[in-house]
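Some notes on the structure that comes next.
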Amino acid sequence: MEWQPEIPRWRQVYALLEERIDSGVYPPGTRLPSALDLQAETGISPVTARRVLQELRAAGLAYMEPGIGTFVARLPEAPATG
């Protein structure tokens, strides 16, 4: 991953996961990478990786199943048009 020094790393990894969720790489109900997996993939610290997952949960994009992992939350249905 190519880092932008003016942006905190946790925000950059958050944006990466958010993009993967929005694009369907991680559809609703999919288990997200663990903090250790994020650390291995991006080189961030374990504390930073845990913060990324915490921020995704705080934003409503993910939820945690204790002892199992963090999963993509079901996104609300778009209102019907017409």
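Not measured: the values here are computed from a predicted model.
Put simply, W10 and L36 are part of two different groups of oily side chains (I, L, V, M, F, W, Y) that touch within less than 4.5 Å, one to the next.
Interatomic distance, T70 OG1 to Q54 CD, rounded to the nearest 0.5 Å: 10.5 Å. Here the straight-line distance linking atom CZ of R9 with atom CH2 of W3 works out to 5.5 Å at 0.5 Å rounding. Atom CD1 in I21 sits 5.5 Å away from atom CG in L56 (nearest 0.5 Å). Considering CZ of R57 and CG of L32, their distance stands at 9.5 Å, rounded to 0.5 Å. Taken to the nearest 0.5 Å, the CZ atom of R11 stands 11.0 Å off from the CD atom of E18. Note: Y26 OH to R31 CZ = 11.0 Å, rounded to the nearest 0.5 Å.
Chaining together hydrophobic side chains whose heavy atoms lie under 4.5 Å apart places F71 alongside Y63, I68.
Sparse packing is recorded around CD of E2, with 12 or fewer heavy atoms of other residues, nucleotides or ligands lying under 6.0 Å away.
At distances below 3.5 Å, at least one donor-acceptor pair connects side-chain atoms of Q12 with backbone N or O atoms of I7. Remark: the backbone N or O of I44 is not paired with any side-chain donor or acceptor of T48 at under 3.5 angstrom.
Looking only at side-chain heavy atoms (C-beta outward), V72 and L61 stay at 4.5 Å or farther from each other. Under the 4.5 Å side-chain criterion, counting only non-hydrogen atoms from C-beta, L38 is in contact with L53.
Summarising the geometry of P28 relative to A73, their closest heavy-atom pair is CB-O, 3.7 Å, with the distance given to 0.1 Å. A35 approaches P46 most closely through the heavy-atom pair CB-O, 4.5 Å.
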